Amino acid sequence: MFVSYLILTLLHVQTAVLARPGGESIGCDDYLGSDKVVDKCGVCGGDNTGCQVVSGVFKHALTSLGYHRVVEIPEGATKINITEMYKSNNYLALRSRSGRSIINGNWAIDRPGKYEGGGTMFTYKRPNEISSTAGESFLAEGPTNEILDVYMIHQQPNPGVHYEYVIMGTNAISPQVPPHRRPGEPFNGQMVTEGRSQEEGEEKGRNEEKEDLRGEAPEMLTSESAQTFPVRHPDRFSPRRPDNLVPPAPQPPRRSRDHNWKQLGTTECSTTCGKGSQYPIFRCVHRSTHEEAPESYCDSSMKPTPEEEPCNIFPCPAFWDIGEWSECSKTCGLGMQHRQVLCRQVYANRSLTVQPYRCQHLEKPETTSTCQLKICSEWQIRTDWTSCSVPCGVGQRTRDVKCVSNIGDVVDDEECNMKLRPNDIENCDMGPCAKSWFLTEWSERCSAECGAGVRTRSVVCMTNHVSSLPLEGCGNNRPAEATPCDNGPCTGKVEWFAGSWSQCSIECGSGTQQREVICVRKNADTFEVLDPSECSFLEKPPSQQSCHLKPCGAKWFSTEWSMCSKSCQGGFRVREVRCLSDDMTLSNLCDPQLKPEERESCNPQDCVPEVDENCKDKYYNCNVVVQARLCVYNYYKTACCASCTRVANRQTGFLGSR
């Protein structure tokens, strides 16, 4: 019966070998011998007609800095590849149609890596090695579940951006790629051994079956050979018994001293280098013929225990261990970043740092690289100079200077270089004054508690000496006596309403004034009086105050401040203050303690050399003009402004030091 089983087994193996010629592989449909492969559309056995490949190159010449759209990636796109033609200082950016930034958005440059967006995972690559000429790239398998837009952050001429993606056709079938299998799971009814593909396993099995059949078939017909198994070579798979044949029940094994345990090879080494481990393989064999027999023919208690043996003890090749890039040295503009690169070698499952010469067979990666998180902002002059603040004498004029990003947004001044900030205020000389306008301070109270109102001041024209002139003596540029003010809308607003102050309780000296204060709500055309508790969250105005009556109503009047005596490092400025009575004549009845200051310090900041942007040399030989002393003429003074100004400053400094 055992001989019959052996013959049937070998016949089945021979049939299987003939039915499976060498070189057969497994198709994408999981069938042995199938020649089906996955086409570019991801369809098993497809003919590349089930999808459309969209590709092109974005080569537009761009002039302005900032974000420029390159291409739109539609919903359902697969096999996405966006790549710069070669390396540049530009950056690729990706965002969804809803406006959500995925990569390099909001002027922030992301690190290379994986980023989720549009229902798929994008791999962002940016070669950092100086020797590399490859540009940036976005790669994604897809499909996308929304429309995505690819942008370029333009900073230098566009090198070209190649884009490609695949769109499934309306008649295309779904991809038939078999799902990923874990090692050891069933594969089309068969088991795949971990670490070895089924194709490799079956190929090796077929080769072994052919060798076994060639070497042992002539002996199968003898009764003597029927009592033994074919010789099994070390590290080979034995032929597989067919599943559809049921062998006859074998005779109980007979242990004898004719068989013993013998080492037939070893397991594969656990590693290819750097000291691994392997174990001996023990098989039951016939003592005299050394042919392999079932393990039941040997005494299991006598089977040696496999002991670990070292293997491949030679060191692994050294390699460069690359660390993460450091932060960019600058928050904007071109900066530098660094990373640690060490030569390491693996031995006995340990990674050790070794001398760099051990890695000399490999090109050492760069340890420094340029970086740019965003483009720096710059100063912009938004308006021309205003009119001088005074009609005569020395005043000031201003202009609007803003720090602007490269996309036109106004940002904080700290974003720009403060040392290069243009002046936004300067002195102006309108010539000597024969007469001046004298002004009081603006009233502190707005004429309206809510809504639009005005604040007022007194204005009088006087000469620079003690005398009175009619108002028209200072010209037509009379300063305004009223300026608008607004305390907010009145409708629906809850607030304290204060009535007018009563007359002072005395005619002169110190007294008191009274007024009524109520809580109201202002509606469209009416006031609604509320309980005082409704306004408890607001500060209640005083209902009583002291009053001081001055003889003849004399007041202090003052002129505008003069120009500062120094433009930097501390100077002073002055103004004229006079006490005038109701008829605008000089008086000595003003309270001296209320007299405004006639002098104050100004410009305490350190001096920074002023650079006149309009003062430049128009000719290259202006040094000849200086040597010929032609700067005294207006034409040469304008044509060689910078050179003539430097000579004038040196002469002024020389005379001042004498």
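The structure presented is a predicted model; accordingly, all values stated were derived computationally and were not measured.
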SB check [X] [Y] (cutoff 4.0 Å):
X      : Y      : value
Glu598 : Arg578 : no
Arg457 : Glu441 : no
Glu560 : Arg575 : no
Glu141 : Lys79  : yes

Side-chain ([X]) to main-chain ([Y]) donor-acceptor, under 3.5 angstrom:
X      : Y      : value
Gln380 : Lys402 : no
Asn104 : Leu92  : yes
Asp591 : Gln593 : yes
Asn603 : Lys566 : yes

**Asked** CH2/Trp379 to SG/Cys403 distance, rounded to the nearest 0.5 angstrom?
**Response**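 Here the interatomic distance stands at 5.0 Å.
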
**Prompt:** Rounded to the nearest 0.5 Å, how far does CG of Leu586 lie from CZ of Phe557?
**Reply:**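 Answer for the CZ-CG pair, Phe557 versus Leu586, is 11.5 Å.
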
Heavy-atom closest contact ([X] atom, [Y] atom, distance):
X      : Y      : value
Arg126 : Tyr91  : NE-CE2, 4.1 Å
Asn158 : Met152 : OD1-CE, 3.0 Å
Val341 : Pro365 : CG1-CD, 3.9 Å
Trp385 : Asn423 : CH2-O, 3.8 Å
Glu116 : Ile102 : O-CG2, 3.8 Å
Thr144 : Leu148 : CG2-CD1, 4.1 Å

**Request:** Check whether any side-chain heavy atom of Ile109 sits under 4.5 Å from a side-chain heavy atom of Gln372, and report yes or no.
**Result:** no

**Asked** For Asp384, does the CG atom sit with more than 12 other heavy atoms under 6.0 Å from it, leaving out its own atoms?
**Response**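 Not buried by this count: 12 neighbours or fewer within 6.0 Å.
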
**Residues, nucleotides or ligands: over 12 heavy atoms within 6.0 Å of Arg445 CZ** = no

Under the side chain to side chain contact (heavy atoms under 4.5 Å, CB included) test, residues paired with [X] that sit two or more places apart:
X      : result
Thr353 : Leu342, Arg344
Lys59  : Val57
Asn145 : none
Met336 : Ser329, His338, Thr368, Thr370

**Message:** So that I can confirm a possible disulfide, could you see if the SG-SG distance for Cys640 and Cys622 falls below 2.5 Å?
**Reply:**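 Cys640 pairs with Cys622 as a disulfide (SG atoms under 2.5 Å apart), so yes.
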
**Item:** Test salt bridge (Lys or Arg N to Asp or Glu O under 4.0 Å) applied to Arg100 - qualifying residues, sequence neighbours left out
**Value:**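 Testing Arg100 for salt bridge (Lys or Arg N to Asp or Glu O under 4.0 Å), a comparison that skips the adjacent residues, returns none.
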
**Asn89 and Gln156: CA distance, side-chain angles, deciding distance, side chain to side chain donor-acceptor pair (under 3.5 Å) verdict** = CA-CA 6 Å; Asn89 286 334; Gln156 71 174 56; 3.1 Å; yes

**Item:** Inter- and intrachain pairs under ring pair (Phe, Tyr, Trp, His ring centres under 6.0 Å), touching residues 52-77, at least two apart
**Value:**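 Residue pairs with at least one partner in residues 52-77: Phe58-His60, Tyr67-Trp107, His68-His154.
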
**CA sep, side-chain torsions, deciding dist, call: Leu94, Ile82, side-chain contact (heavy atoms from CB on, under 4.5 Å)** = CA-CA 10 Å; Leu94 184 68; Ile82 312 294; over 6 Å; no

**Item:** Positive for ring-ring contact (aromatic ring centres under 6.0 Å, His included) with Phe138, one of Tyr151, Tyr165, Tyr124
**Value:**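 Among the candidates, only Tyr124 passes.
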
